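Data first, discussion second: the structure below is written as structure tokens.
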Amino acid sequence: MDNLRFRALEMAMKRQCREVIFPDKKASEYFGELTFNKSAMREYLTEEAFQQVMNAIEQGEKINRRIADQVAAGLKAWAISKGATHYTHWFLPLTGSTAEKHDAFVDPIEGGQGIENFRGSELTQQEPDASSFPSGGIRSTFEARGYTAWDPTSPAFIMDKTLCIPTVFVSYTGEALDFKTPLLKALYAIDQAAVDVCKYFSKNVTKVFATLGAEQEYFLVDTALYMARHDLVLTGRTLFGHASAKDQQLEDHYFGTIPQRVMAFMQEFELEAHKLGIPVKTRHNEVAPNQFECAPVFEEVNLSVDHNQLLMHIMEKVAKRHDFTLLLHEKPYSGINGSGKHSNWSLMTDTRENILSPGKNPESNIRFLTFLVNILRAMQDHGDLLRAIVASAGNDYRLGGNEAPPAIFSVFIGNQLSGLLDLIAKSKKKVKLNTETDLDLLKNLPKIPEILLDNTDRNRTSPFAFTGNKFEFRAVGSSQSCAPAMIVLNLVVADRLTKFKDEVDKLIAKKIRKDDAIFQVLRRYIEESKNIRFEGNNYGKEWIEEAQKRGLTNHSTTPQALKALVSAKSLELFKVNNVLTEREMIARHEIRLENYSKKIQIESRVMGDLATNHIIPIAIKYQNTLIKNVVGLKGVLDLKTYGKLSQNQMETITEISEHVSKIKTFVNEMEEARKIANRVQEPEEKSFTYCDHVKPFFEKIRYHVDKLELLVDDELWPLPKYRELLFVK
Ligand code: ADP
Ligand code: MG
């Protein structure tokens with residue numbers, strides 16, 4: 001019997017561990033060698049060009065044409081010295097992945113010869129056809145042309161012998177068609193707003209940049225087994241599969257010994273990442289079998305976002321070399337943990353101080369508290385937008401499934417810090433910031449670091465948790481770019497800080513002392529943001545009820561959650577801060593809705609196909625064997641014994657029939673529901689139709705298929721089973 005599953009299993013079990021070839025130098029010597037980093041720039045750029053690029057990176061200054069030509073010449077020489085033959089603008093279109101279109105450096109010259117060319121204009125701007133990228137309607141009414149423009153703040157790098165130049169991607173009419181454009185704008189907004197607020201406390205701070213460290217979770221599966229699972233290939237997750245007798249219940253995988261073949265894969269992708277200057281640092285087994293995590297050292301957000309995109313790409317590529325397939329889907333397996341991308345976020349001053357790290361003196365502690373309270377206040381206003389920004393078909397199985405974190409957005413800061421805020425809110429005393437003060441409150445402040453260190457009962461269930469010197473936004477999905485989450489997070493905080501400063505300045509104008517003015521506003525913010533603080537168990541039923549009383553939203557599906565993206569409040573927020581126009585927001589909303597509908601449509605089709613063409617025929621085949629057996633027994637046994645013995649088999653035969661019939665009915669009904677959904681034109685209505693009328697069949701069909709998996713002869717079952725997908729390595 002030529003069963004694809006068994007052929008795949010045989011291949012998977014014969015795998016040898018692939019040897020990793022390490023360079024003959026220390027990691028510090030090859031780290032960043034494939035990026036046009038500071039030392040490469042020093043070597044390959046004129047002093048003038050070097051200075052201009054540094055100014056562009058540090059101060060956001062523009063680079064003129066003449067200098068661009070110089071930079072291009074240096075970049076070309078460097079890239080060719082590293083063996084590059086092609087160059088490309090590398091950007092982040094709204095598909096959520098990366099895009100590139102390669103051009104060769106070499107151009108023909110007379111006499112059948114060639115010469116390498118790369119001009120400043122080719123570095124700074126290109127014109128890829130935008131018509132095949134999602135634009136959410138922006139494209140249809142305007143020209144298809146799009147422009148990519150160089151982002152000097154993220155260094156160029158070489159991958160697969162190609163010089164990649166990070167760029168923004170905008171339409172002919174200037175609308176953003178990518179994630180980087182609004183991200184850079186949001187980062188600009190937080191810089192401006194945070195510096196202004198920092199100036200209340202110290203004149204030294206002239207720039208604030210946001211930082212991000214994205215912990216990347218993922219699954220590995222043997223490629224042969226993966227190929228035998230059409231659902232994994234086409235949808236990224238298993239649509240069927242009965243739970244394995246053992247999976248994560250013994251809790252024996254987390255931080256366990258990393259299997260050899262997996263270790264080789266990790267070493268190789270880390271090596272490639274390090275050459276590209278991606279600071280991957282930590283590796284470990286995750287909770288579920290065959291689930292792992294990789295965490296980098298944090299970096300400035302724009303760079304970190306690019307690095308995470310690149311990292312996902314490298315991991316996919318390297319996994320293949322080791323006969324693994326990387327599963328970045330948020331929920332590849334039902335019933336066991338899904339994957340997220342915990343996004344650790346903070347704010348750093350140009351004086352290298354972490355604003356969210358409580359300091360040693362009252363001044364920096366008050367700055368810390370000011371930012372903390374502003375962040376809470378921002379979350380109170382825009383929690384639903386943070387929920388919306390991570391909504392996707394895949395992430396719905398985490399958020400709103402029975403899994404961390406929940407769909408209700410709340411913030412955890414720990415009981416002690418929470419208590420301190422309540423204390424501040426209640427205190428009506430005047431505040432005097434400098435040295436001698438008799439205020440109890442301020443005597444407490446220098447103790448903050450200790451409080452935090454003692455506070456080790458970190459809440460693992462919160463979607464947005466303060467972890468001592470940074471916030472961890474845990475709702476981001478493992479396959480998602482961090483960019484959208486970072487746009488929103490930085491934007492809402494920037495917006496709040498700006499409002500905060502306005503309010504404080506107004507009080508100061510009324511002759512209220514600065515420190516009192518600050519505390520007056522903070523006290524009010526603490527009161528106003530009470531509802532968003534939650535220290536308890538985010539999985540508990542009580543929380544769902546409590547959250548409802550507090551008026552917090554609990555949207556478990558993407559179409560529902562996405563509404564917040566285009567609420568009047570959100571549109572205003574993006575517009576006022578000059579990050580995205582209403583038109584751009586509506587376009588993005590539409591793209592997300594369409595993406596959702598398409599994902600459900602594809603899953604539904606694959607499910608129907610697998611059930612009808614793979615599962616049912618096998619079930620019937622096995623059933624026929626049973627029937628033949630029962631008929632055969634009749635000839636050899638006396639009637640009494642036969643009656644007794646055949647009963648069990650008859651029961652199985654009936655059970656199979658029942659499951660098959662249920663599957664058929666549901667698949668047909670699902671197809672009808674899909675037809676109706678496909679006729680709906682309006683994107684939001686369509687997504688709701690898919691969500692409410694097509695998706696509910698998934699569980700129903702799956703239930704019966706998974707029952708059949710337990711009944712049908714293992715020899716016949718066509719799809720690799722959970723125990724094989726999860727434990728073969
Ligand atoms: P955890 O206990 O949550 O794993 P770690 O200290 O290991 O905490 O850090 C997890 C991630 O948080 C890492 O990617 C790390 O670089 C990042 N991180 C640490 N400090 C900051 C910061 N100030 N800003 C942003 N990310 C940070
Ligand atoms: Mg963490």
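All ligand and atom numbering here is 1-based and tracks the order in the structure. Remember, it's a predicted structure, so these values are computed and weren't measured experimentally.
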Give the atom numbers and elements of ligand 1 that come within less than 4.0 Å of a heavy atom of [X].
X: V297; value: 16 (O)
X: E472; value: 3 (O)
X: G213; value: 14 (O), 25 (C), 26 (N)

Check: W345 N/O within less than 3.5 Å of ligand 1 N/O: no
Sub-3.5 Å N/O-N/O distance, A295 and ligand 1: no
What side-chain donor-acceptor pairs closer than 3.5 Å can you find for residues 28-35, not counting sequence neighbours?
from: E29; atom 1: OE1; to: K26; atom 2: N; distance (Å): 3.1
from: E33; atom 1: OE1; to: K25; atom 2: NZ; distance (Å): 3.1
from: T35; atom 1: OG1; to: G32; atom 2: O; distance (Å): 2.8

Pair W345 and F298, ring centroids less than 6.0 Å apart: no
Ring-ring centroid check F471 F464, cutoff 6.0 Å: yes
Closest to atom 5 (P) of ligand 1 (judged by heavy-atom distance), picking from H342, E215, K470: K470
With E528 via side chain to side chain contact (heavy atoms under 4.5 Å, CB included) - residues at least two apart: R377, R524, Y525
Contact partition for N354 relative to ligand 1, non-hydrogen atoms under 4.0 Å: side chain
Donor on one side chain, acceptor on other, T553 and D384, under 3.5 Å: no
